[in-house]
Amino acid sequence: MFNFKAADIALAVALIVAPITAMTPMPTPAEAAENFSGSNTDVRTVLAYKASTAALEKFLPGGWELSPIKEGPSAGANLQVEFVDQLFAVGTDGKVGAPYRYVLFGIPVHKKGGSEDVLMLFDGLSRGGAGPYELAEKATDDVTRSVKYSSNPSMVTESWTFEGGGEKVSLRAEFERGPLKAEKAESHVYSQLKPSFSRLYRYNEASDVVQAQGAKSERLRSLSLKAEGGKLAAVFDGSQSLVSVVSLPVYSRDIFVPTP
């Protein structure tokens, strides 16, 4: 059973307001070669899979190779699927933009001969269209998320559906809410369609690891993912296996674009 305490509430509030206090950060010398590109706060559900190596390698640009996740709850995974319910976003002008929902598909990779492991996005569906990585299909969305706090333990139920560009993705999940772990870190993400472009994300999150390293979790009551059409058909061919499920009820980040 997981009970929210004063410390948990304080953590969530601190994470939610984090981007507000960082709308106009002063760059340090190490960050001088970066351009601030905005902030956002989301609720996310992240799935990691072991999928066909041959199918994923077809998406890699020249000079890149697969680099499956080496540690943590997603160790061994070579495919990441991230469902995002954006609560609000702030641009470089400090104005709050309209939030939206999307799903992204990424591959953990590194440059041949390199040591930096990064995520390379190769597909996505979004009401906002192509997005900064210029690869998402313009899609409709239907998202419902709920938490039943009166139960013992608390239960989370989610339903996500995206459809557009000849592709359709749907997720149905129900799980028990577990203890939240605070984390502050950085990620580097590239575009498969234009690998010269990348973004740096410096984020604060509260994560609930529902399932880890492929082991069956009693807290994961049910999960069904369907990904059909377009690029997704070859990847989700029935041979993929679920490695981890991570719920992020609070995810806040600042976005930076490295300069050439």
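What you are looking at is a predicted structure, and each value in this text was computed from that prediction instead of being measured. Start at 1 with the first residue, then count along the sequence.
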Practice problem: Could you tell me which residues satisfy ring pair (Phe, Tyr, Trp, His ring centres under 6.0 Å) with Tyr201, sequence neighbours excluded, listed by chain and number? | Solution: none

Does [X] pair with [Y] as a salt bridge, N-O distance under 4.0 Å?
X: Arg202; Y: Glu186; answer: yes
X: Glu176; Y: Arg221; answer: yes
X: Lys194; Y: Glu134; answer: yes
X: Asp85; Y: Arg44; answer: no

Can a donor-acceptor pair be found between the side chains of [X] and [Y] at a distance below 3.5 Å?
X: Ser159; Y: Thr144; result: no
X: Ser39; Y: Asp254; result: yes
X: Glu158; Y: Thr45; result: yes

Quiz item: Quick one: does Ser191's side chain have a donor or acceptor within less than 3.5 Å of a partner on Tyr133's backbone?
Solution: yes

Practice problem: For a ring pair (Phe, Tyr, Trp, His ring centres under 6.0 Å) with Phe83, tell me which candidate from Phe105, Trp160, Tyr251 qualifies. | Solution: Trp160

Self-check item: Residue pairs involving residues 120-132 (criterion side-chain hydrogen bond (donor to acceptor under 3.5 Å, both in side chains); sequence neighbours excluded)
Solution: Arg127-Asp141

Practice problem: Applying salt bridge (Lys or Arg N to Asp or Glu O under 4.0 Å), name anything that partners Arg219, two or more places apart in sequence or on another chain. | Solution: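 Salt bridge (Lys or Arg N to Asp or Glu O under 4.0 Å) check on Arg219 returns Asp208.
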
Practice problem: State yes or no: are the ring centers of Phe162 and Tyr102 separated by less than 6.0 Å? | Solution: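 No, the ring centres sit 6.0 Å or more apart.
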
